[in-house]
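Take a look at the structure set out below.
Numbering of residues begins at 1 and proceeds along the displayed sequence.
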Amino acid sequence: MEVLPKSRLLRFVEQAYHLARRAVARYSSKFSKRRYTLHQHIVLLCLKVRKNMTYRMLLDELIEMPRIRRAIDLEELPSPSTLYKAFNRLDMAVWRVLLNLSVVLLPTNGVVGIDASGFDRSHASKHYTKRTKLTIQQLKITLLVDTMMNAILDVHVTTTRKHDSKIAPSLIKRNTGEVAVLLGDKGYDDQKIRTLARETGARPLIKHREFSSLHRAWNARLDDNLYGQRSQSETVNSRIKRKYGAFVRSRYWWKQFRELVVGCLTHNIDKAL
């Protein structure tokens with residue numbers, strides 16, 4: 001019998017399943033009904049983001065995907081509400097552990113770019129935003145990207161207009177030892193950021209805002225070849241929007257945050273194939 005080659009989608013599912021088994025236990029508690037495992041839920045939720053679908057659309061396609069179902073030992077398809085509730089139960093901490101594990105799948109060189117972008121919250125109605133006092137229609141997502149293979153090391157999401165220079169310190173601290181060179185545009189021109197980067201063992205390569213000839217001289221001395229790799233962060237932001245959608249589907253802010261972290265995890269697994 002001829003053995004069919006594995007599709008990219010099947011390899012994605014197998015890699016996600018492998019990470020899930022490393023990150024969490026098989027079941028959420030000893031009182032679980034044990035109908036589906038946490039590993040299966042995680043893979044299906046990653047697959048939903050990768051294919052940029054609703055729960056119902058994904059499950060409809062899985063009917064015709066026996067190899068995918070076999071890869072995760074899924075004998076019976078869950079209902080859309082089961083996956084919806086699973087996403088609610090899986091904490092942000094779980095997705096961050098999975099994101100950290102996914103970085104190991106890709107080679108890194110420590111040259112890391114930091115950049116921010118906006119994602120639409122298209123499903124938030126005017127009535128909802130007014131009632132919950134949400135005046136910002138976009139989520140601000142800041143990525144820390146290793147430039148060798150565009151691996152996403154970390155992500156920060158906010159609903160506010162917090163300045164880039166206020167977001168960067170927490171990302172730098174969380175990734176101490178992972179960053180050898182920190183690349184940033186003028187939005188991160190802050191002496192505190194440069195000092196913090198040096199204290200954590202990273203070389204800051206951040207452009208200065210040009211208020212004087214001295215600032216222009218400092219910028220002219222930057223290593224153009226090295227600093228030019230900063231654009232990889234913008235490329236990753238663009239890729240996530242093109243492949244997985246430029247808006248989040250969830251209605252609640254905490255689920256929107258999780259959805260974007262799942263997108264970063266999906267990106268890393270995709271790049272590792």
Side-chain angles (χ1 to χ4, degrees), residues 9-10 12-99 101-102 119-129 131-132 134 137 139 141 155 157 159 240 243-267 269-270:
L9 185 64
L10 179 57
F12 173 88
V13 167
E14 289 177 339
Q15 193 63 262
Y17 196 48
H18 171 70
L19 291 179
R21 284 185 293 181
R22 290 182 60 192
V24 296
R26 189 175 175 83
Y27 300 104
S28 56
S29 76
K30 63 180 181 180
F31 303 109
S32 170
K33 293 181 181 179
R34 304 195 172 215
R35 191 174 181 183
Y36 306 104
T37 67
L38 288 178
H39 309 148
Q40 291 169 334
H41 284 154
I42 287 171
V43 173
L44 293 178
L45 291 169
C46 288
L47 199 55
K48 171 185 174 291
V49 171
R50 187 184 187 274
K51 294 182 74 65
N52 193 19
M53 290 179 166
T54 62
Y55 294 112
R56 196 170 299 277
M57 290 167 62
L58 173 64
L59 294 171
D60 188 57
E61 281 208 1
L62 282 171
I63 295 172
E64 306 299 335
M65 295 181 178
R67 292 183 77 191
I68 298 295
R69 299 200 307 272
R70 282 197 299 270
I72 58 174
D73 301 318
L74 188 65
E75 297 178 359
E76 180 185 355
L77 289 178
S79 66
S81 62
T82 299
L83 279 183
Y84 175 83
K85 291 174 183 176
F87 186 58
N88 289 351
R89 287 195 303 269
L90 286 164
D91 292 337
M92 176 67 92
V94 172
W95 295 112
R96 285 202 173 276
V97 168
L98 285 162
L99 179 63
L101 289 174
S102 71
F119 276 75
D120 291 330
R121 308 164 79 178
S122 64
H123 285 256
S125 66
K126 290 184 178 180
H127 169 72
Y128 172 76
T129 54
R131 179 166 57 83
T132 55
L134 292 175
Q137 292 301 311
L139 293 170
I141 176 172
V155 55
V157 189
T159 60
I240 290 175
K243 290 203 70 175
Y244 314 133
F247 63 88
V248 287
R249 296 181 182 273
S250 303
R251 289 184 180 273
Y252 300 102
W253 65 266
W254 52 275
K255 292 177 69 174
Q256 292 169 352
F257 284 19
R258 290 183 192 178
E259 191 177 328
L260 289 170
V261 175
V262 178
C264 294
L265 165 64
T266 302
H267 162 84
I269 298 174
D270 239 350

Exercise. Can Lys243 and Asp270 be counted as an ion pair, charged N to O under 4.0 angstrom?
Worked result: yes

Exercise. Between Tyr17 and His39, what is the ring plane arrangement, given parallel below 30°, perpendicular above 60°, and tilted in between?
Worked result: perpendicular

Seminar exercise, completed: Exactly one candidate in Thr82, Leu83, Leu77 meets side chain to side chain contact (heavy atoms under 4.5 Å, CB included) with Ser79; the answer is Thr82

For this session: State, yes or no, whether a side-chain contact exists between Asp73 and Thr37 at a heavy-atom distance under 4.5 Å.
Result: no

Exercise. Going by an N to O cut-off under 4.0 Å, is there a salt bridge joining Arg35 and Glu76?
Worked result: yes

For this session: Could you pull out the closest heavy-atom pair between Pro78 and Leu44, with the gap in Å?
Result: CG-CD1, 4.0 Å

For this session: Scan side-chain atoms only and decide if Lys48 and Tyr244 contain a donor-acceptor pair under the 3.5 Å cut-off.
Result: no

Exercise. Taking 4.0 angstrom as the limit, do Glu259 and Arg249 come out as a salt bridge?
Worked result: no

Exercise. Parallel, tilted or perpendicular: which fits the ring planes of Tyr84 and Tyr55, with parallel below 30° and perpendicular above 60°?
Worked result: perpendicular

Problem set entry | Distance-only side-chain donor-acceptor flag, Gln256 / Ser250, under 3.5 Å | no

For this session: Would you tell me whether Ser32 and Ser29 have side-chain atoms, one donor and one acceptor, within less than 3.5 Å of each other?
Result: no

For this session: Could you walk me through whether Leu38 and Val94 pass the side-chain contact (heavy atoms from CB on, under 4.5 Å) test, one step at a time?
Result: CA-CA 11 Å; Leu38 288 178; Val94 172; over 6 Å; no

For this session: Describe, in one word, how the ring planes of Tyr252 and Trp254 are oriented to each other, choosing from parallel (under 30°), tilted (30 to 60°) and perpendicular (over 60°).
Result: parallel

